[in-house]
Amino acid sequence: MTAVLCRHFGLQHIEIAEDIASDTFLKASEHWAINGIPENPTAWLYTVAKNKTKDYFKNLSVFETKIKSQIEINKIQKEHNFEYNSQIIADSQLAMIFAVCNPANSNESQICLALQILCGFSVEEIANAFLTKTETIKKRLQRARTHLRNDNFQITSLSETEIESRLETVLKTLYLLFNEGYFSKTSNKQIRTELCSEATRLTLLLTENLLTNTAQVNALLALMCFQSSRLQARTNVNGEAILFEEQDKSLWDQSLIQRGNFYLVNATNGNEVSKYHLEAAIAYWHTTSTDNGKWQHILHLYNQLILIEYSPITALNRTFAFAKVYGNEKAILEAEKLCLTENNHYHALLGYLYTDTNIDKSIAHYEQAITLTKSRIEKQTLQKEIELLKGNKS
């Protein structure tokens, strides 16, 4: 809705569009609670938004002094300018994705702004995604919004040059959004399905436009499909996490796995190999039910991924795959070389690797992981592993 409204009075007034969108949903929550959900909720929402927009420009005195010279009243008053069919909404959202990823901002600021405007992230959620302070994120957002207001980017159209300069940041934003949904660092729920769905939907939009239907986009969408296929199996009825090896594979969504295969094939039509290609290939092997040497393939892919883009999580995941190929004892040596002593996943991995050889060390690492994680669900999962180890020890 914000994107569609910005088609009419420009990105320089995005805060107005956001306020109107918020007011529209507030009115819906009040009206629908009493009168029930209308037959066509989308039409109802956009009609209310259209009327609120007209009222804003009619009643606010600033319209006469500051805005009138920048927009045409006819655009606000004509009914056809407020169409809300699916194509206009999709085109507006696609343009908005690229609008907020403004090259005038740093990559970090672009992603912060996109996560807030497009995905509804709070400042705290963005700070956790970047592993930084909330005050730092507030400053980034303030600067980014200033540049966005001053940008001449047109929400109604996309040029090939604009797409090429912004696509990398767009993909990184959608990747971060999906990751927060897949393994939330900011919520009491480990999995936030709505964020995974939103990231997948926005990425799917990119594949439906000729200018953005690239190999990297298809690889990212394949990754999201493969990972989403296992969402239902990752938690039990009480919301507790289920480790990969203990998941009920019959709960894996085969239709999403097939979609992942489709987009992965589309992603390999050229010679490009990006981090999204490698992660999608790793996720593909995870969805195969037979062992059949898959861990050798996964380790090989992680070796390539680390060369393209190193991260602590990638290094730890590679070590897990290394353990599957060469055994836990050799993997412990690999893990300890990383020296990620302030990382909860590092201690959780060592806790797992020491399970069969040194229960005391295993428990100690799990306890350290508990002190370092903010996730309530993760704490519960780790505590459960400790209880099992203590039971075996006794």
Side-chain angles (χ1 to χ4, degrees), residues 115 121-134 136-137 175-192 195-196 227 230-231 233-236 238-247 279 282-283 286 298 302 305-306 309-324 328-329 331-390:
L115 289 174
F121 271 40
S122 67
V123 172
E124 181 190 6
E125 287 174 324
I126 299 172
N128 276 283
F130 278 92
L131 302 177
T132 191
K133 296 178 180 178
T134 55
T136 302
I137 297 301
Y175 177 81
L176 281 177
L177 173 62
F178 186 88
N179 282 351
E180 172 60 24
Y182 190 75
F183 199 106
S184 178
K185 303 180 185 70
T186 61
S187 173
N188 285 331
K189 295 189 297 182
Q190 184 184 43
I191 298 173
R192 302 176 65 183
L195 295 186
C196 292
Q227 298 290 63
R230 294 188 284 115
L231 286 177
R234 289 184 60 226
T235 56
N236 61 23
N238 298 318
E240 297 170 335
I242 300 175
L243 300 178
F244 176 79
E245 295 171 326
E246 299 170 3
Q247 290 175 13
E279 289 197 30
I282 291 168
H286 276 304
I298 291 172
Y302 271 123
L305 182 59
I306 276 186
E309 184 177 297
Y310 176 86
S311 75
I313 291 298
T314 300
L316 291 169
N317 287 338
R318 176 197 170 274
T319 306
F320 181 82
F322 186 93
K324 291 295 184 182
N328 287 7
E329 288 190 19
I332 288 171
L333 298 176
E334 287 288 305
E336 290 176 341
K337 290 177 186 177
L338 300 174
C339 293
L340 298 169
T341 54
E342 299 302 312
N343 187 304
N344 63 295
H345 299 296
Y346 170 78
H347 290 285
L349 175 61
L350 282 172
Y352 167 80
L353 295 176
Y354 273 115
T355 298
D356 295 329
T357 57
N358 193 322
I359 290 180
D360 289 334
K361 277 193 174 183
S362 179
I363 291 173
H365 280 293
Y366 277 136
E367 288 175 340
Q368 184 64 17
I370 289 174
T371 65
L372 291 171
T373 184
K374 294 181 180 180
S375 169
R376 180 179 60 82
I377 297 297
E378 192 171 6
K379 287 178 187 289
Q380 290 176 351
T381 303
L382 293 167
Q383 189 60 49
K384 187 177 179 181
E385 292 300 311
I386 291 173
E387 298 301 328
L388 287 173
L389 287 171
K390 287 181 177 179

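Once rounded to the nearest 0.5 Å, the distance linking CG of Leu195 with CZ of Phe121 reads 5.0 Å. Rounding to the nearest 0.5 angstrom, the gap separating the CD atom in Gln383 from the CD atom in Glu378 is 13.0 Å. Rounded to the nearest 0.5 Å, atoms CD1 (Ile386) and CD1 (Ile359) are 12.5 Å apart. Note that CD1 of Ile137 is 11.5 Å distant from CD of Glu124, once rounded to the nearest 0.5 Å. Here Thr341 contributes atom OG1 and Gln368 contributes atom CD; the two are 8.5 Å apart, rounded to the nearest 0.5 Å. Distance check, rounded to the nearest 0.5 Å: NE2 of His365 to CD of Glu385 gives 15.0 Å.
Scanning for side-chain contact (heavy atoms from CB on, under 4.5 Å) contacts around Ala331 gives Thr319, Phe322, Ala323, Leu353, with sequence neighbours left out. Shown here are the side-chain contact (heavy atoms from CB on, under 4.5 Å) partners of Lys361, two or more places apart in sequence or in another chain: Tyr354, Asn358. A search for side chain to side chain donor-acceptor pair (under 3.5 Å) contacts involving Thr314 returns Ser311, not counting sequence neighbours.
Counting heavy atoms from C-beta on, the side chains of Asn343 and Leu316 come closer than 4.5 Å. Taking the side chain as every heavy atom from C-beta outward, Glu125 and Leu115 never approach each other to under 4.5 Å.
For Lys384 and Glu387, the salt-bridge test fails: no basic side-chain N is under 4.0 Å from an acidic carboxylate O.
Ala315 and Ile306 make their closest contact through CA-CD1, 3.9 Å (heavy atoms, listed as atom of the first residue, atom of the second, distance). Minimum heavy-atom separation, Cys196 to Gly181: SG-C, 3.4 Å. Contact detail for Ile370 and Lys379: the closest heavy-atom pair is O-NZ, 2.7 Å.
Considering Tyr366, Tyr346, Phe320 as possible partners of Tyr352, the one that fulfils the ring-ring contact (aromatic ring centres under 6.0 Å, His included) test is Phe320.
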**Message:** Test side-chain contact (heavy atoms from CB on, under 4.5 Å) on Glu336 and Leu350; report intermediate values, then the result.
**Reply:** CA-CA 8 Å; Glu336 290 176 341; Leu350 282 172; 4.3 Å; yes
**Request:** List the steps, then state whether side-chain contact (heavy atoms from CB on, under 4.5 Å) holds for Ile191 with Leu231.
**Result:** CA-CA 8 Å; Ile191 298 173; Leu231 286 177; 3.8 Å; yes
**Stepwise side-chain contact (heavy atoms from CB on, under 4.5 Å) check, Gln227 with Glu279** = CA-CA 10 Å; Gln227 298 290 63; Glu279 289 197 30; over 6 Å; no
**Request:** Could you go through the side-chain contact (heavy atoms from CB on, under 4.5 Å) check for Asn344 and Leu382 one step at a time?
**Result:** CA-CA 10 Å; Asn344 63 295; Leu382 293 167; 5.7 Å; no
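Summarising the local packing, CD of Glu329 is surrounded by 12 or fewer heavy atoms from other residues, nucleotides or ligands at distances under 6.0 Å.
Cation-pi geometry between Arg234 and Phe183 is not met at under 6.0 angstrom from the ring centre and within 45 degrees of the axis.
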